[in-house]
Amino acid sequence: TQLLEQSPQFLSIQEGENLTVYCNSSSVFSSLQWYRQEPGEGPVLLVTVVTGGEVKKLKRLTFQFGDARKDSSLHITAAQPGDTGLYLCAGEDNTNAGKSTFGDGTTLTVKP
Amino acid sequence: NAGVTQTPKFQVLKTGQSMTLQCAQDMNHNSMYWYRQDPGMGLRLIYYSASEGTTDKGEVPNGYNVSRLNKREFSLRLESAAPSQTSVYFCASSVLGQPNQPQHFGDGTRLSIL
């Protein structure tokens, strides 16, 4: 069974601060996706990273896939209250295309 | 475009009762999934259907059954509900045959077993 560990589990910061959340595994993934989930709703895709070492930017969010495709990070610059939510990473393995393993998530609270 | 629709949104059951959670997608996706989400435990896969006519067990299938009724619909059944099945249930769908495709989620069914 492939496992994804996310850290930290909870993060509470002030508006304007920067933060990084991590997603780590001992397994190699063909791709890794980051989702954001708001209370009462389902997860919504933010980004998919595929190539080892890949960096993708989405406005103030920067996503990086590790060189060995076992880990990823999400960095938020100048966080805003609207960034508050649960951030989930999910890895797709080569052997079972379409089936993903989800991490336990990082709950982010950005205070105004 | 509704995406993935789950019904009902909320349900309270007594221990031992049965219930079917419904899920339908209008994106012509081949693959569909059922997850449960518990506090601090992320999403755990219950069952999935890679394509119409096939279903497979996920990480936590015990106590559940599924039916892939057609390409659009994938239902989850609790035959004899137990308090341990109190959770938020999410249905998702994705394109089959193409790697790195995201899953599209419904808004969930909040189920309480008393």
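Numbered from 1 within each chain, the chains take letters A, B, ... in sequence-line order. In this text, all values refer to a predicted model and were calculated from it rather than measured experimentally.
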Which atoms of [X] come close to chain A, meaning under 4.5 Å heavy atom to heavy atom: side chain ones, backbone ones, both, or neither?
| X | value |
| --- | --- |
| B/Arg110 | side chain |
| B/Leu45 | side chain |
| B/Gln6 | neither |

Chain B shares the most heavy-atom pairs under 4.5 Å, among A/Gln6, A/Gln37, A/Gln9, with A/Gln37

Most contact-rich option vs chain B, by heavy-atom pairs under 4.5 angstrom, among A/Gly103, A/Gly105, A/Gly40, is A/Gly40

Closest approach of A/Leu58 to A/Leu46 (non-hydrogen atoms, all atoms of both residues)
CD2-O, 3.7 Å

Flag for A/Gln33-A/Tyr35: side-chain donor and acceptor within less than 3.5 Å:
yes

Within the structure provided, determine whether B/Phe74 and B/Ser67 are in side-chain contact (heavy-atom separation under 4.5 Å).
no

Rounded to the nearest 0.5 Å, how far does CG of B/Asn70 lie from CD of B/Glu52?
6.0 Å

Taking the ring of B/Tyr35 and the ring of B/Phe105, is the distance between their centroids below 6.0 Å?
yes

Is A/Glu41 close to chain B through its backbone or its side chain, or both, or neither, when contacts mean heavy atoms under 4.5 Å?
both

